[in-house]
Participant: 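First, the structure itself, so that you have it in front of you.
The sequence lines fix the lettering, A, B, ..., with proteins before strands; numbering per chain opens at 1. Excluded from the calculations below are hydrogen atoms, water molecules and symmetry mates; all remaining heavy atoms, backbone and side chain alike, are included.
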Amino acid sequence: MTKSQLIDAIVAAHSFPRKAVETAVNTVFDSMVEALQKEERIEIRGFGNFTVRKYKAYTGRNPKTGDSVDVPEKSMPFFKVGKDLRERINNGVDPDA
Amino acid sequence: MTKADLVESVYARLEGFSKKETADIVESIFETMKDTLGQRDKIKISGFGNFVVRYKKPRRGRNPKTGEAIEISERFVLTFKPSQVLKNALNV
């Protein structure tokens, strides 16, 4: 499913006008990018949480040539799935229960 | 940031919708995504990232606390792969 298919699916299932759904979907993802840029944690109950993890600089190696490469420190988004969604993906059962 | 904050952002950009209607639209976004992922289909949001459901075979593991050997059952896990655009946005 792509973003435009997500919009199609929402419009098909509800009586919302397409234009409003497009604005909402775009605003939701834009706002989440902005929050992560501010290193703000995002918590969507039942769906999951997004956090920003910081990684220190390290010296790596180019696996092809063996040359050493300096990798600068970086921030990466990290997603942890919520309980409700994890159960849905596993046929309604929590695999750790 | 919570869903309520997202509702506020969307409400500020939509004209002619009540707070309640806006909340319903935002709710439908996450519900539709959950339905799709629940069917183990992937979702690709350009500029944000991809959500992919992966199958994990059963394997032997250990309880890290007790050292006891345990069988980890097969399962499906959801992974999020951030887009290059999002990764760049976090490293400016």
Participant: Side-chain contact test, heavy atoms from C-beta onward, threshold under 4.5 Å: evaluate it for A/D30 versus B/R13 and give yes or no.
Facilitator: yes

Participant: At a 4.5 Å cut-off on heavy atoms, which part of A/V28 comes close to chain B: side chain, backbone, both, or neither?
Facilitator: both

Participant: Counting heavy atoms not belonging to B/K42, are there more than 12 under 6.0 Å from its NZ?
Facilitator: no

Participant: In terms of ring plane angle, is the pair A/F29 and B/F48 parallel, tilted or perpendicular, where the classes change at 30° and 60°?
Facilitator: tilted

Participant: Contact part of A/R86 toward chain B, heavy-atom cut-off under 4.5 Å: side chain, backbone, both or neither?
Facilitator: neither

Participant: With a 4.5 angstrom heavy-atom cut-off, is it the side chain or the backbone of B/N91 that approaches chain A, or both, or neither?
Facilitator: side chain

Participant: What do you reckon, is CZ of B/R54 surrounded by more than 12 foreign heavy atoms closer than 6.0 Å?
Facilitator: no

Participant: When heavy-atom pairs shorter than 4.5 Å are enumerated against chain B, which of A/A20, A/A9, A/A35 gives the highest number?
Facilitator: A/A20

Participant: For residues A/Y58 and A/V69: do they belong to one hydrophobic cluster (side chain heavy atoms under 4.5 Å, members Ile, Leu, Val, Met, Phe, Trp, Tyr)?
Facilitator: no

Participant: I'd like to know which of A/V81, A/L85, A/T2 tops the heavy-atom pair count under 4.5 Å against chain B.
Facilitator: A/L85

Participant: At a heavy-atom distance under 4.5 Å, which candidate from B/I25, B/D35, B/V53 has the highest pair count against chain A?
Facilitator: B/I25

Participant: Applying a heavy-atom distance below 4.5 Å, give me the residues of residues 66-86 of chain B that approach chain A, sorted by number.
Facilitator: B/S73, B/R75, B/F76, B/L78, B/F80, B/P82, B/L86

Participant: Checking B/L6 against chain A: side chain, backbone, both or neither under 4.5 Å from a heavy atom?
Facilitator: side chain

Participant: Shorter than 4.5 Å, heavy atoms on both sides: which option in B/G38, B/S46, B/S28 has the most such pairs with chain A?
Facilitator: B/S28

Participant: Select, from A/E34, A/M32, A/K38, A/E87, the one with the greatest count of heavy-atom pairs under 4.5 Å involving chain B.
Facilitator: A/M32

Participant: Is there a path of hydrophobic side-chain contacts, each under 4.5 Å between heavy atoms of I/L/V/M/F/W/Y residues, joining B/V52 to B/I43?
Facilitator: no

Participant: Tell me if the aromatic rings of A/F16 and B/F17 count as close, with their centers under 6.0 Å from one another.
Facilitator: no

Participant: Taking a hydrophobic cluster as the set of Ile, Leu, Val, Met, Phe, Trp and Tyr residues connected by side-chain heavy atoms closer than 4.5 Å, whether directly or through intermediates, do A/F79 and A/L6 fall within one such cluster?
Facilitator: yes

Participant: Do A/Q37 side-chain atoms and B/A89 backbone N/O form a donor-acceptor pair below 3.5 Å?
Facilitator: yes

Participant: At a heavy-atom separation under 4.5 Å, does B/N50 approach chain A through its side chain, its backbone, both, or neither?
Facilitator: neither

Participant: Tell me which of these, A/V21, A/I7, A/I42, has more heavy-atom pairs under 4.5 Å with chain B than the rest.
Facilitator: A/I42

Participant: Do B/K34 and A/R88 make a side-chain contact, defined as non-hydrogen atoms from C-beta onward lying under 4.5 Å apart?
Facilitator: yes

Participant: Suppose we screen for side-chain contact (heavy atoms from CB on, under 4.5 Å). Which residues come up paired with B/T2, at least two apart in sequence or across chains?
Facilitator: B/A4, B/D5

Participant: Let me know if B/Y11 has heavy atoms under 4.5 Å from chain A in its side chain, its backbone, both or neither.
Facilitator: neither

Participant: Which value, rounded to the nearest 0.5 Å, describes the distance between B/E27 atom CD and A/I10 atom CD1?
Facilitator: 11.0 Å

Participant: Using side-chain heavy atoms (C-beta onward) and a distance below 4.5 Å, is A/M76 in contact with B/K87?
Facilitator: yes

Participant: Among B/T22, B/V10, B/V26, B/I29, exactly one meets side chain to side chain contact (heavy atoms under 4.5 Å, CB included) together with A/T27. Which residue is that?
Facilitator: B/V10

Participant: At a 4.5 Å cut-off on heavy atoms, which part of A/F78 comes close to chain B: side chain, backbone, both, or neither?
Facilitator: neither

Participant: Is A/E40 close to chain B through its backbone or its side chain, or both, or neither, when contacts mean heavy atoms under 4.5 Å?
Facilitator: side chain

Participant: Chain B heavy atoms under 4.5 Å from A/N26: which part of the residue, side chain, backbone, both or neither?
Facilitator: neither

Participant: How many angstroms lie between atom NZ of B/K3 and atom CZ of A/F47, to the nearest 0.5 angstrom?
Facilitator: 10.0 Å

Participant: How long is the gap from OH on B/Y55 to CD1 on A/I89, to the nearest 0.5 Å?
Facilitator: 15.0 Å

